[in-house]
Amino acid sequence: MSELTLTFRTFRSTDVESLVKHADNRNIWRNLKDRFPHPYTVEDAETWIGMNHLVLGPPVNFAVDLDGQVVGGVGLELGDDVTAKTAQVGYWIAEPYWGRGFATRAVSFISEYAMETFTLERLEALVFDWNAASGRVLEKAGYTQEARLRHAVWKDGRLADFLMYARLR
């Protein structure tokens, strides 16, 4: 069996089908902010891809590509004003690929890219308290849990805590 090739690249118009196939999953949605839609439709994929093609300057969102198929996403939300030296990191991996190190590789990629490309001093990631696996991903990528933001989030009909992880330059 040949080794699968995992790469990180910008989204393409040809990614719609694989993006919908892998993003339309309740188990992924429940671990992301509500702006990530569920169900995830062709229109959602087209909108996301189109939005990313309009970015001026260096890209901030990348497809997690496994042999030509989008099996996840990873990106940055750059801060502004007094948080201009900080960015939030977000990521997701298609459920069939959980537990294979893809998320850790994606977070490591985006973290290195962010520090090399932008004038950042801090990267942050927020994790729902029920998602221990995501916390382990961040720790493997060099992040430290800094805080528990109690009752900071309402998701999927329940009140929960956010765990804040950070990595400094």
Side-chain angles (χ1 to χ4, degrees), residues 2-81 83-84 86-118 120 123-128 130-131 133-134 137-138 141 143 152-158 160 162 165:
S2 66
E3 185 68 24
L4 298 173
T5 303
L6 191 71
T7 58
F8 308 98
R9 59 166 175 79
T10 56
F11 287 91
R12 303 176 186 143
S13 58
T14 55
D15 292 332
V16 171
E17 185 179 333
S18 63
L19 186 54
V20 172
K21 175 184 175 184
H22 292 106
D24 187 25
N25 180 314
R26 188 177 188 286
N27 291 326
I28 292 169
W29 168 83
R30 72 181 298 271
N31 289 307
L32 298 173
K33 292 180 179 177
D34 282 346
R35 66 181 170 208
F36 188 94
H38 181 72
Y40 198 99
T41 66
V42 168
E43 183 179 320
D44 295 322
E46 290 171 344
T47 299
W48 175 251
I49 292 166
M51 196 174 71
N52 279 284
H53 286 165
L54 297 175
V55 172
L56 301 175
V60 292
N61 292 304
F62 295 86
V64 178
D65 180 307
L66 182 64
D67 289 339
Q69 294 289 305
V70 175
V71 297
V74 61
L76 301 168
E77 191 171 307
L78 299 171
D80 60 8
D81 200 277
T83 63
T86 300
Q88 276 203 1
V89 171
Y91 55 94
W92 65 273
I93 299 294
E95 190 171 9
Y97 303 100
W98 290 359
R100 295 174 64 174
F102 292 3
T104 301
R105 286 175 60 189
V107 171
S108 295
F109 159 77
I110 201 67
S111 300
E112 296 305 320
Y113 171 82
M115 291 301 191
E116 290 171 7
T117 306
F118 303 99
L120 299 171
L123 300 173
E124 297 177 344
L126 294 170
V127 175
F128 296 104
W130 62 72
N131 191 355
S134 194
V137 162
L138 290 161
Y143 287 68
V153 60
W154 179 261
K155 178 72 178 188
D156 201 18
R158 74 186 246 210
F162 254 151
Y165 287 81

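Hydrogens, waters and symmetry mates play no part in the numbers below; they use all other heavy atoms, side chains included.
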Working for side chain to side chain donor-acceptor pair (under 3.5 Å), residues Asn31 and Trp130: CA-CA 9 Å; Asn31 289 307; Trp130 62 72; 2.8 Å; yes
How far apart are the closest heavy atoms of [X] and [Y], and which atoms are they?
X: Gly72; Y: Phe11; answer: O-CZ, 4.4 Å
X: Leu123; Y: Ala114; answer: CD2-CB, 3.9 Å
X: Gly73; Y: Val64; answer: N-CG2, 3.7 Å
X: Pro58; Y: Phe118; answer: CB-CZ, 3.9 Å

By salt bridge (Lys or Arg N to Asp or Glu O under 4.0 Å) - contacts of [X] (at least two apart):
X: Glu112; value: Arg167
X: Glu77; value: Arg35
X: Lys33; value: none

For [X], give me all partners under side chain to side chain donor-acceptor pair (under 3.5 Å), at least two apart in sequence or on another chain.
X: Asp81; result: none
X: Lys21; result: none
X: Arg158; result: none

Rounded distance (nearest 0.5 Å) linking atom CD1 of Ile49 with atom CZ of Arg12: 10.5 Å
Point-to-point distance, once rounded to the nearest 0.5 Å, from CG of Leu126 to CG of Leu32: 12.0 Å
For Ala133, all residues meeting side chain to side chain contact (heavy atoms under 4.5 Å, CB included), sequence neighbours excluded: Asn131, Arg136
With sequence neighbours excluded, residues passing side chain to side chain contact (heavy atoms under 4.5 Å, CB included) with Pro39: Asp24
Any donor-acceptor pair under 3.5 Å from Thr83 side chain to Asp80 backbone: yes
Where at least one partner belongs to residues 42-65, residue pairs that pass salt bridge (charged side-chain N to carboxylate O under 4.0 Å, His left out), sequence neighbours excluded: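 Non-adjacent pairs meeting salt bridge (charged side-chain N to carboxylate O under 4.0 Å, His left out): Arg9-Asp65.
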For residues 102-111, run the donor-acceptor check on the side chains, cut-off 3.5 Å, and write out each pair with its distance to 0.1 Å, sequence neighbours left out.
residue : atom : partner : partner atom : Å
Ser108  : OG   : Thr104  : O            : 3.0
Ser111  : OG   : Val107  : O            : 2.7
Ser111  : OG   : Tyr143  : OH           : 2.7

Close aromatic pair by centroid cut-off 6.0 Å: Tyr113 and Phe62: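 Tyr113 vs Phe62: aromatic centres under 6.0 Å.
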Over 12 non-hydrogen atoms of neighbours within 6.0 angstrom of CG in Leu54: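 Yes - once you tally the heavy atoms of other residues, nucleotides and ligands closer than 6.0 Å, there are more than 12.
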Positive for side chain to side chain contact (heavy atoms under 4.5 Å, CB included) with His22, one of Leu66, Ile28, Val71: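 For His22, the side chain to side chain contact (heavy atoms under 4.5 Å, CB included) check succeeds only for Val71.
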Pairwise side-chain hydrogen bond (donor to acceptor under 3.5 Å, both in side chains) hits with a residue in residues 47-58, at least two apart: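 As it turns out, the side-chain hydrogen bond (donor to acceptor under 3.5 Å, both in side chains) pairs with a partner in residues 47-58, which skip direct neighbours, are Asn52-Asn61.
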Ring pair (Phe, Tyr, Trp, His ring centres under 6.0 Å) against Trp98, all qualifying residues, sequence neighbours excluded: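 Testing Trp98 for ring pair (Phe, Tyr, Trp, His ring centres under 6.0 Å), a comparison that skips the adjacent residues, returns none.
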